[in-house]
There are 2 protein chains.
Amino acid sequence: MATATRDRILETADLLFYQQGFEATSFADIASAVGISRGNFYHHFKTKDDILDGVINRRLANTEQMLDRWEIEGDDPADRIRSFIHILIFNGEKIRKFGCPVGTLSSELAKLNHAAQPNAASLFTLFRNWLRRQFERLGFADKSDELAMHILGRSQGVATLANAFNDDAFLRREVDLMCAWLDDQIGLLRH
Amino acid sequence: MATATRDRILETADLLFYQQGFEATSFADIASAVGISRGNFYHHFKTKDDILDGVINRRLANTEQMLDRWEIEGDDPADRIRSFIHILIFNGEKIRKFGCPVGTLSSELAKLNHAAQPNAASLFTLFRNWLRRQFERLGFADKSDELAMHILGRSQGVATLANAFNDDAFLRREVDLMCAWLDDQIGLLRH
DNA sequence: GTCTATACGCAGATAGAC
DNA sequence: GTCTATCTGCGTATAGAC
């Protein structure tokens with residue numbers, strides 16, 4: 001198939017950008033991991049920035065798939081929000097090693113003053129809008145976006161510190177606190 | 001004075017590492033900003049990692065000074081914790097541009113698998129222990145470290161999202177929520 | 001579509017004159 | 001203590017054979 005190599009490059013670059021960072025990952029790194037020559041790259045991508053765009057688009061598509069799955073599997077909006085919160089535990093090992101894939105990429109690109117930073121931030125927007133919709137369905141109306149951003153921020157902070165200290169107990173404790181916070185919010189709704 | 005140039009190098013490197021990241025900052029960047037030649041560097045530092053160590057030590061010293069100041073200026077432990085929370089607003093512009101200097105350095109070094117990562121995390125420990133002491137004085141006893149980590153995590157998440165979206169309103173809203181959380185915790189202490 | 005060979009610049013680092 | 005000149009390797013990117 002015409003796009004098989006291209007897909008393998010993107011899959012590998014996605015992983016390496018996460019584990020090593022975008023700038024620290026060279027064409028040679030990706031090429032040797034994929035098992036192709038450096039020169040072959042440029043048949044599929046013009047520049048390194050092109051690969052970055054491809055990786056971000058890949059992540060956007062994968063994230064949308066995951067959110068759709070949660071939408072189907074979750075019985076009610078609160079359950080679905082808990083799916084989001086528990087991803088911190090599900091991906092705990094990777095997060096302690098490499099941080100959150102969304103947050104670390106956005107931060108790196110911000111520092112590099114890279115044109116693709118807003119593109120990376122749109123990964124956050126995917127979660128933000130999905131969470132907002134769940135809160136709306138719970139009846140939070142105008143507050144929904146603020147609650148979505150709040151919990152998104154909480155999860156980012158947990159990822160950053162769990163990574164800095166490689167602390168699994170902290171991560172699990174904070175997941176419990178976030179679930180308790182969600183229950184509190186729902187309780188407050190009913191006065 | 002013998003160490004004047006060394007100090008200027010560290011001051012400049014500190015700033016550039018924050019604004020551009022450690023790896024993206026070259027000797028040439030620092031040299032031109034300081035106004036010295038590249039060769040002159042190696043009289044003061046053997047390697048780039050030596051500069052990183054110097055920068056981290058500089059940040060450790062500056063952070064200790066700031067925490068000591070808060071200790072003196074704050075009337076009670078709750079006020080001091082509010083000083084910590086409000087640094088997000090005080091440094092809001094820089095945070096929206098470059099993120100939190102502690103969190104972003106720790107994350108970058110974690111991805112680079114750099115030997116100095118625990119060293120960078122010790123900057124977090126400085127805040128963590130200072131916050132823990134404030135919570136202890138408020139009477140939280142065993143829970144003090146967990147509360148310190150909680151609020152440290154919250155501030156990290158706020159910095160990451162405020163940077164990703166360049167969102168000042170979110171930052172201020174979350175600072176208010178963190179202060180409200182603090183008041184709640186103190187209220188719960190008295191049953 | 002994949003390869004080898006190569007261009008070119010900049011990175012970190014060193015030697016040695018002043 | 002500061003400089004200029006230089007080394008060496010690796011980064012992205014290109015040219016052209018197969």
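In the text below, chain A, chain B and the rest are named by the order of the sequence lines, each starting its count at 1.
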A.B. asks: Between atom CZ in A:F27 and atom P in D:dT14, what is the gap in whole Å?
C.D. replies: 10 Å
A.B. asks: Between D:dC3 and B:H43, is there an OP1 or OP2 to side-chain N/O distance shorter than 4.0 Å?
C.D. replies: no
A.B. asks: May I have the distance from A:K48 (atom NZ) to D:dG11 (atom C1'), rounded to whole angstrom?
C.D. replies: 9 Å
A.B. asks: Can you sort out the partners of B:F98 under ring-ring contact (aromatic ring centres under 6.0 Å, His included), two or more places apart, ordered by chain and number?
C.D. replies: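 Once residues adjacent in sequence are excluded, the partners of B:F98 under the ring-ring contact (aromatic ring centres under 6.0 Å, His included) criterion are B:Y18.
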A.B. asks: Given atom CG of A:D49 and atom C1' of D:dA13, what is their separation to the nearest angstrom?
C.D. replies: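 Rounded to the whole Å, the gap is 13 Å.
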A.B. asks: Quick check: on DNA chain D, is the nucleotide nearest B:G39 upstream (toward 5') of the one nearest A:S26, or the reverse? Name the residue that is more 5'.
C.D. replies: B:G39
A.B. asks: CZ of B:R38 versus C1' of D:dG1: gap in Å, rounded?
C.D. replies: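 That distance rounds to 18 Å.
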A.B. asks: Whole angstrom is fine here: how far is it from NE2 in A:H44 over to P in D:dA13?
C.D. replies: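 These atoms are roughly 16 Å apart.
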A.B. asks: Using atom CZ of B:F45 as one end and atom P of C:dT14 as the other, report the distance to the nearest whole Å.
C.D. replies: 15 Å
A.B. asks: Please determine whether a side-chain nitrogen of the Lys or Arg among B:D176 and B:R173 lies less than 4.0 Å from a carboxylate oxygen of the Asp or Glu.
C.D. replies: no
A.B. asks: Taking NZ, NE, NH1 and NH2 as the nitrogens, is one of them in A:R80 or A:D76 under 4.0 Å from a carboxylate oxygen of the other?
C.D. replies: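 No, A:R80 and A:D76 are not salt-bridged.
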A.B. asks: Between atom CG of B:D29 and atom CZ of B:F17, what is the distance when rounded to the nearest 0.5 Å?
C.D. replies: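 So the gap between those two atoms works out to 9.5 Å.
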A.B. asks: Check for me whether the distance between the ring centres of A:F22 and A:H114 falls short of 6.0 Å.
C.D. replies: yes
A.B. asks: Nearest nucleotide by nearest heavy atom, which residue falls closer to the 5' end of DNA chain C, B:T25 or A:I36?
C.D. replies: A:I36
A.B. asks: Please report, rounded to the nearest Å, how far the C1' atom of C:dA11 is from the CD1 atom of B:I51.
C.D. replies: 13 Å
A.B. asks: Going by an N to O cut-off under 4.0 Å, is there a salt bridge joining A:D145 and A:R128?
C.D. replies: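 Answer for the salt bridge query: yes.
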A.B. asks: Compare side-chain N and O positions of B:T5 against OP1 and OP2 of D:dG1 and report whether any pair is under 4.0 Å apart.
C.D. replies: no
A.B. asks: How about A:D142: does its CG atom have over 12 heavy atoms from other parts shown lying under 6.0 Å from it?
C.D. replies: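 No.
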A.B. asks: Grab the OH-C1' distance between A:Y42 and D:dT14 for me, whole Å please.
C.D. replies: 9 Å
A.B. asks: So how far off straight is the helix from C:dG1-D:dC18 to C:dC18-D:dG1, going by the axes through five pairs at either end, to 10°?
C.D. replies: 0°
A.B. asks: Under 4.0 Å between a side-chain N/O of A:N40 and OP1 or OP2 of C:dC3, yes or no?
C.D. replies: yes
